[in-house]
Amino acid sequence: MISDFRKALDLEKLDDQIIRIHLSTRSDPRETSHFPTEPKVYGRDQQRDMIIRKFTSEEYSGKNLSVLVIVGHGGVGKTTLAKVVYNHRSVKQHFDRRLWLHVSVYFDEVRLIRDLLESLCEKRYEDVTNLKELQSILGYTWKSNRVLLVLDDVWEDGRRDKWDELLTPLRTNDAKGNTILVTTRKSSVVTMTNATEQVNIGGLHDAAFWGLFKECAFGNAEHKGHRKLKDIGKKIAVKLKGFPLAAKCVGKLLKWKLHDKHWTRILENSEWKDQQGDDDIMPALKISYNYLPRHLQRCFSYCAIFPKNHRYDEERLVNIWIAQGFILSTDQYTRAEEIGNKYLSDLIDWGFFLDDTSRPSLLMHDLIHDLAQIVSSYESFTIEEFKLAADLRLIRHVSVITESAYYGQQDGSISSNECFMHDFARTFCTLPKTNLSTLMLFGAHDLTFASTFQQALGDIKVIRVLKVEMELFLPESLIEIEFGNCDITGKQLSHLMLNLPRLKAVKNLHIEYCDMLQSIQDLDSFGFLKELEIYMCSRLTSVQVKSCTSLQRLSIQSCGALSKLDGELERLCIRECPALLSWQGFESFTGLKHLQMSSPGNNNSCDAPKTEWPELVGCTIKDATDKIKADRPDLNVEALPVGTIVLPFFDPNRVRIWVDTVAEIPKIG
């Protein structure tokens with residue numbers, strides 16, 4: 001009896017190994033996408049048609065603004081239904097502009113308006129922090145256009161003021177028929193939004209769900225063969241509660257081995273015993289995770305330290321995996337980045353990331369993110385709600401998320417939060433520091449918290465991945481990066497102290513949102529730096545990397561003033577740096593094997609208003625006034641002596657010029 005039991009165990013282990021090997025060696029990891037452009041939707045025809053009729057009806061068309069909310073549990077198919085409505089031909093014809101925002105847990109109206117402007121104008125507005133100014137630009141941009149705005153996965157149900165601020169540009173739009181489509185798990189969101197209509201959706205009915213299940217497991221909803229597998233499959237389908245997300249995850253696992261023993265093992269898996277209620281599909285997701293190859297499990301579970309709704313940059317995520325030692329090199333000829341890209345492709349194909357082809361980044365479903373937190377709880381810890389892990393001794397990856405604790409004011413300033421600051425200090429001091437491998441800081445915060453955060457890092461000596469705001473640190477307090485990844489953000493940073501010995505082992509350096517930074521040079525001490533990425537440094541004029549002999553790739557984006565480069569490297573990627581388009585020095589890069597350049601996007605349908613005039617500094621008042629009035633005849637231009645005391649309220653129809661000659665950049669306000 002015992003020998004038979006051991007034999008059965010050995011067979012199960014062998015079968016599990018075969019599955020893992022098969023999953024990790026597929027020929028084309030990107031042949032399918034988690035969200036196809038035109039997804040086939042099962043069992044939602046009635047809801048789809050009803051929503052489209054409402055959107056195009058005389059009732060909605062005669063109102064300034066209507067709100068329809070789709071309510072349902074996570075993974076039930078709310079987003080898919082919304083996508084089908086959004087892409088329907090009748091809806092496209094009815095609205096002048098259609099916009100989609102994924103909101104998730106953190107409802108930040110400033111960030112959401114910036115995202116809307118970026119979608120409309122293909123221009124970035126990170127340097128605009130005043131809410132009234134952003135609202136004015138958005139209102140001007142879609143003026144007289146009938147707008148459909150989808151807000152996907154909304155959680156915020158208590159701050160009506162934030163909702164009202166987001167909708168102000170729509171409510172003041174002089175076009176009729178503006179419509180907002182909201183998807184949410186929480187019925188309380190219906191009350192907060194004062195919705196015109198509510199659509200509740202649950203799990204799919206048996207017939208519709210069985211068609212979806214067969215498509216996921218057999219590749220065809222009309223599949224007729226495999227009678228024995230169909231009998232087992234129907235029993236598995238019952239456990240999936242009619243939830244499409246569960247069908248896609250488990251269906252992919254079943255599809256890899258169309259064998260009754262494998263399917264029976266899934267049906268009898270012990271994870272199902274933990275299922276609670278008709279809306280619990282976590283056991284299904286956990287089973288899918290358990291069958292991933294070990295290297296994919298490591299890469300996926302690490303993502304638990306990122307916030308929900310985080311936009312994953314593919315190259316940066318792969319570099320972080322490399323820094324953590326998750327990438328297993330198979331031979332000396334294949335670059336680690338290539339292997340990492342293969343890992344990421346496999347995770348996308350398995351549905352652990354949402355591959356949105358309309359944006360250059362990845363999203364993760366909230367329930368999938370919950371799964372990552374569950375399976376990584378022994379080594380990853382997020383400081384946000386101050387719930388301590390069961391055993392802190394093994395924690396190696398830590399993130400601090402301040403997005404729900406610090407709220408921006410209308411003028412762009414950050415309110416203090418003494419309670420969060422003290423709770424953070426108390427929690428962080430209990431974490432073990434000697435084995436810490438990752439530390440990331442996400443979200444806005446005030447200078448008091450910044451000082452507390454810096455003091456809390458005193459016991460950390462070496463780390464592999466660091467993401468912080470650089471201005472928080474004094475040179476002597478900077479953590480040593482051990483062959484890893486470093487993200488630097490610093491609004492007031494005027495120069496980088498890049499010759500610090502503690503940064504000498506950095507392999508990947510990311511510099512972003514350093515508004516005062518004018519030049520980057522003196523990279524002599526970076527003996528291992530392979531990739532340098534620079535993003536949104538508006539005053540940066542010069543980058544000199546010639547002394548960094550190990551550098552292979554330089555990527556620069558949205559640095560409008562940059563006009564000079566100097567260095568030797570293999571790959572150069574430049575996006576939205578107009579001053580470099582006419583630069584004649586590219587021939588000096590003799591070893592360059594790959595050059596990619598793109599100019600700022602031109603969206604003819606968007607005539608975004610100009611809001612500031614940096615080129616006028618030093619001009620006479622008359623010349624400056626003439627130029628501003630030529631660009632924006634709708635504005636009032638005021639000339640004031642330098643030092644004049646003015647009231648600090650924002651006026652979207654005013655530009656102030658400080659005399660005698662223009663002493664500061666003229667901007668709306």
Side-chain angles (χ1 to χ4, degrees), residues 32-55 68-91 150 152-153 181-185 187 197-255 258 263 266-267 272 275 277-285 287-288 350-351 354 365-368:
T32 60
S33 172
H34 186 68
F35 268 132
T37 305
E38 296 292 339
K40 183 176 181 180
V41 180
Y42 291 83
R44 303 295 188 201
D45 292 355
Q46 183 177 352
Q47 291 101 327
R48 177 201 63 203
D49 295 342
M50 185 273 287
I51 294 173
I52 293 173
R53 281 198 305 270
K54 287 287 184 181
F55 284 4
L68 188 147
V69 181
I70 301 174
V71 183
H73 292 293
V76 79
K78 303 183 297 296
T79 299
T80 302
L81 174 59
K83 277 180 176 280
V84 171
V85 171
Y86 183 83
N87 290 319
H88 195 274
R89 181 177 57 195
S90 299
V91 172
V150 178
D152 185 32
D153 197 24
L181 176 59
V182 177
T183 72
T184 182
R185 301 188 198 183
S187 57
E197 205 84 33
Q198 175 179 346
V199 177
N200 297 311
I201 65 172
L204 295 174
H205 295 301
D206 292 346
F209 187 71
W210 179 239
L212 172 62
F213 180 87
K214 286 195 294 182
E215 181 178 293
C216 296
F218 296 109
N220 184 358
E222 305 301 325
H223 183 79
K224 303 295 184 183
H226 297 91
R227 182 173 180 178
K228 192 171 184 179
L229 290 184
K230 288 172 65 177
D231 292 339
I232 302 171
K234 287 183 177 181
K235 295 178 182 178
I236 296 175
V238 171
K239 297 180 179 293
L240 303 181
K241 309 297 183 181
F243 280 58
L245 178 62
K248 291 171 184 176
C249 288
V250 175
K252 288 176 184 290
L253 173 60
L254 296 171
K255 186 178 179 181
L258 299 178
W263 282 43
I266 302 299
L267 174 64
W272 296 117
Q275 194 166 37
D278 291 337
D279 60 341
D280 183 15
I281 61 170
M282 189 56 69
L285 305 182
I287 291 171
S288 184
W350 267 76
L354 307 179
H365 193 285
D366 285 343
L367 282 180
I368 300 294

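Please read these numbers as outputs of a predicted model, since none were measured by experiment. One is the number of the first residue; the rest follow in order along the sequence. Note that these values count all heavy atoms, side chains included, but never hydrogens, waters or copies made by symmetry.
- Closest approach of Pro244 to Leu204, counting heavy atoms only: CG-CD1, 4.1 Å.
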Donor-acceptor contacts under 3.5 Å from residues 225-237 side chains, at least two apart:
unit_1: His226; atom_1: ND1; unit_2: His223; atom_2: NE2; d: 3.0
unit_1: Lys228; atom_1: NZ; unit_2: Asp260; atom_2: OD2; d: 3.3

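- Of the inter-residue distances, the one linking Phe243 atom CZ with Phe209 atom CZ reads 9.5 Å to the nearest 0.5 angstrom.
- Contact detail for Ile201 and Gly77: the closest heavy-atom pair is CD1-C, 4.0 Å.
- Taking every heavy atom of both residues into account, Cys216 and Ala247 meet most closely at CB-O, 3.6 Å.
- Atom NZ of Lys255 and atom CH2 of Trp263 lie 11.0 Å apart (nearest 0.5 Å).
- By the side-chain hydrogen bond (donor to acceptor under 3.5 Å, both in side chains) test, Asp153 is found to be paired with Trp155, residues two or more places apart in sequence or in another chain being considered.
- By the 4.5 Å heavy-atom criterion applied to side chains, Ile51 and Leu81 are counted as neighbours.
- Sorted by first and then second residue, the pairs that involve residues 203-217 and meet side-chain hydrogen bond (donor to acceptor under 3.5 Å, both in side chains), not counting sequence neighbours, are Tyr42-Glu215.
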Check: Given the rule in the side chain to side chain contact (heavy atoms under 4.5 Å, CB included) test, do Phe218 and Leu258 qualify, once you have shown the distances and angles that lead to the verdict?
Finding: CA-CA 8 Å; Phe218 296 109; Leu258 299 178; 4.2 Å; yes
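- Residue Arg185 holds its CZ atom at 10.0 Å from OG1 of Thr183, rounded to the nearest 0.5 Å.
- Thr184 pairs by the side-chain hydrogen bond (donor to acceptor under 3.5 Å, both in side chains) definition with nothing, not counting sequence neighbours.
- How far CD1 of Ile281 is from SG of Cys249: 7.5 Å, rounded to the nearest 0.5 Å.
- The two residues Tyr86 and Val91 come nearest to each other via the heavy atoms O-CG1, 4.0 Å.
- Thr80 contributes atom OG1, which lies 9.0 Å from atom CZ of Arg44 (distance to the nearest 0.5 angstrom).
- Using a 4.5 Å heavy-atom threshold, the side chains of Trp350 and Leu253 count as touching.
- Across all their heavy atoms, Pro283 and Asp280 have their closest contact at CD-OD1, 3.5 Å.
- Under the side-chain hydrogen bond (donor to acceptor under 3.5 Å, both in side chains) criterion, Asp279 pairs with His73, sequence neighbours left out.
- With rounding to the nearest 0.5 Å, the separation of CE in Met50 from CZ in Arg48 is 12.5 Å.
- For Gln198, the side-chain hydrogen bond (donor to acceptor under 3.5 Å, both in side chains) partners two or more places apart in sequence, or in a different chain, are Asn200.
- Surrounding CG of Asp45 are more than 12 heavy atoms belonging to other residues, nucleotides or ligands, all under 6.0 Å away.
- The minimum heavy-atom distance between Ile70 and Lys78, with the atom names listed, is O-CD, 4.0 Å.
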